Amino acid sequence: MKRAAWLLALALTACPPARVPPPLIVAPGTSAEAALADAEASFGKRPDVAEVRHALLLFQTAAVADPARAEGSVGVVRSVAWLVEHGAKEDRKALVEAAVAAGTECQQRTPGTAPCNYWQAVALGLAAREQPLTALSGLPRIIDLLKKADAEAPTLDDAGAARVLALLLVRAPGWPVGPGNADEGVIQAQKAVERAPAHPLNHLALGEGLAATGETDAAKAAYQKAVELGRARGDADGADWVAQATAALAKL
Amino acid sequence: MARMRNVFCSIVVALTASLSLAAPPKAPPAPSGPRALVFCAPGYPGTTEEAQSRMDEMATAIGELSAWPKDSLNAKYFPNEKAGLARFAETDVVFALVPLPFFLSHEAELKLTARLAVVQQGLEATQQWTLVAKKDAVKKAADLDGYTVFSTAGYAPDFVTRVALQGFGPLPATVKVTSGGQVLSALRKAASGKEKLAVVLDSEQAKALSTLPFAADLEVVHAGPKVPVAVVATLGERLTAAEWKTASGAFLKLPSVERGKAALEGVRLTGFAPLDEAALAAAKKAFGSPTK
């Protein structure tokens, strides 16, 4: 009996469940500050996927190096949000799990702060997209986190909370099944545009909302604005958003 | 005479050949190439991309139960009528899973044959559509003069006026039917009474009507006849009778196997059921579908 229990324990040790990420070993004396700086430098090299993956690792390192700070956890979610869209499809599940864990970690370290509320909502949103069966039940919590973040820090991530809330309301199933409401989504997107008018993503979100409510001409104008602003940025993100807006325009 | 015999002989050879071609296959019928199941539900939430993982699960489950070779069935979802129609035009699409308004609107052009009823979670296979308007504003069809009638089925205006509102009486020519996914906003506008707006709700929406904070300002004016909610249809001759026989068994068995049950839950369905032929025939008659 004892032997059986020992074998079972050995088996569990040898085959840890896939969901548990291996612990990150950080060399003693590693500075969170330095890791964060390096992570930001790597993250700035988008669209190089390898660099963003390296940034993710560095953000995780920063989070381990200083358990009192939340920037590393936030960086993990930011990196994953980008990698989910640009990296390999087969990595998505593990990446999203890392983001959800980082969102929880952020809340444990600096509970209820705007960055933690916002980025945890983003992480849960990514998880909802990966797990559509459980997505509907999780939407009220995401909405709550976004509203709190929006109230506390309306310009965080270029009005990110209003923008993400807009997209959620436009894309989610509507009454009576879910909280979706494209009209309300348009209002949130307009709010995001007012607060950060130079950010192409806010115009993209507005375009999507207007298209969903049948305001085709206004949607076209919003997408065209996103194209214009994306081109003006002259960077990889800008090019990405130009491509998204152009594809959306073609569908109208 | 010899010539006559040659002709006769040719006929016999041709008949023999055609008979041998028509002989039933010994092995279970399997598709010759990848086939597709297309869900097209205009105005429903989600995008083609977002729904793909759930579509893959449905295709795998149906393919397995049909004993079709792996990856010989794929599935795609379109929340947009135009995109759905474009996909249906491709000959690899053999199954259509569509709401009744879509089916009736495109039955003739796509050569659709309704095969099974779709059963959504919490609903029956048939439903009544309900006309809702500002309290005391609409009592009879003539009161809809100058009204806009909003419905998620508004992409098929003839369905709304002829099938959903069947029995309400002749509608004024001024009635305009509109569509969209924003039912809640439409109900709020209707309740305010600022616009001449009435809303035609499906049974799921009608069931939830009383939960709205402004429900007291609205009134159920008319409930139409029971009609199928959505159907599984085949397209033209793209699937043989034998193939459909195998596939229909697969559709019906889905809820009884774990993988099928999970796939159905992913698209908010309970399963599939035999069609209510009488309800469908009545709906087709009201719509004015050509009789075959």
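Just so we're on the same page: letters track the sequence lines, and every chain starts at 1. Fair warning: this is a prediction, and the values are worked out from it, not measured in the lab.
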**Study point:** Distance in Å, B/K82 NZ paired with A/K251 NZ, rounded so as to fall on 0.5 Å steps
**Key:** 12.0 Å
Check your understanding: How many angstroms lie between atom NZ of A/K89 and atom OG of B/S53, to the nearest 0.5 angstrom?
Key -> 8.0 Å
Check your understanding: Got a sec, which residues hit side chain to side chain contact (heavy atoms under 4.5 Å, CB included) with A/A88, two or more places apart in sequence or on another chain?
Key ->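 With sequence neighbours excluded, A/A88 shows a side chain to side chain contact (heavy atoms under 4.5 Å, CB included) to A/E90, A/D91, given in chain and number order.
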Check your understanding: Which residues satisfy the side chain to side chain contact (heavy atoms under 4.5 Å, CB included) test with A/K147, sequence neighbours excluded?
Key ->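 Partners of A/K147 by the side chain to side chain contact (heavy atoms under 4.5 Å, CB included) criterion, ordered by chain and then number, come out as A/I143, A/L165.
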Review point. Tell me, side chain or backbone of B/T211 under 4.5 Å from chain A's heavy atoms, or both, or neither?
Key: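 Answer is side chain: those atoms of B/T211 sit under 4.5 Å from chain A.
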Return all side-chain donor-acceptor pairs below 3.5 angstrom for residues 215-226 of chain A, not counting sequence neighbours, or 'none' if the list is empty.
unit_1, atom_1, unit_2, atom_2, d
A/Y223, OH, A/E208, N, 3.1
A/K225, NZ, A/E228, OE2, 3.4

Check your understanding: Within a reach of under 6.0 Å around CD of B/E109, are more than 12 heavy atoms found that belong to other residues, nucleotides or ligands?
Key -> yes
Point to revise | NZ (B/K134) with more than 12 external heavy atoms under 6.0 Å | key: yes
Point to revise | Close approach to chain B in residues 177-199 of chain A, criterion heavy atom under 4.5 Å | key: A/V177, A/N181, A/A182, A/D183
Check your understanding: Which heavy atom of A/W175 sits nearest a heavy atom of B/L201, and at what distance?
Key -> CZ3-CD2, 4.4 Å
Practice item. State, with a plain yes or no, whether a side-chain heavy atom of A/P176 is found less than 4.5 Å away from one of B/E204. Key: yes
Exercise for review: Considering only heavy atoms and a distance below 4.5 Å, find which of B/L212, B/L187, B/T178, B/L209 pairs most often with chain A.
Suggested key: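 Ranked by heavy-atom pairs under 4.5 Å with chain A, first place is B/L212.
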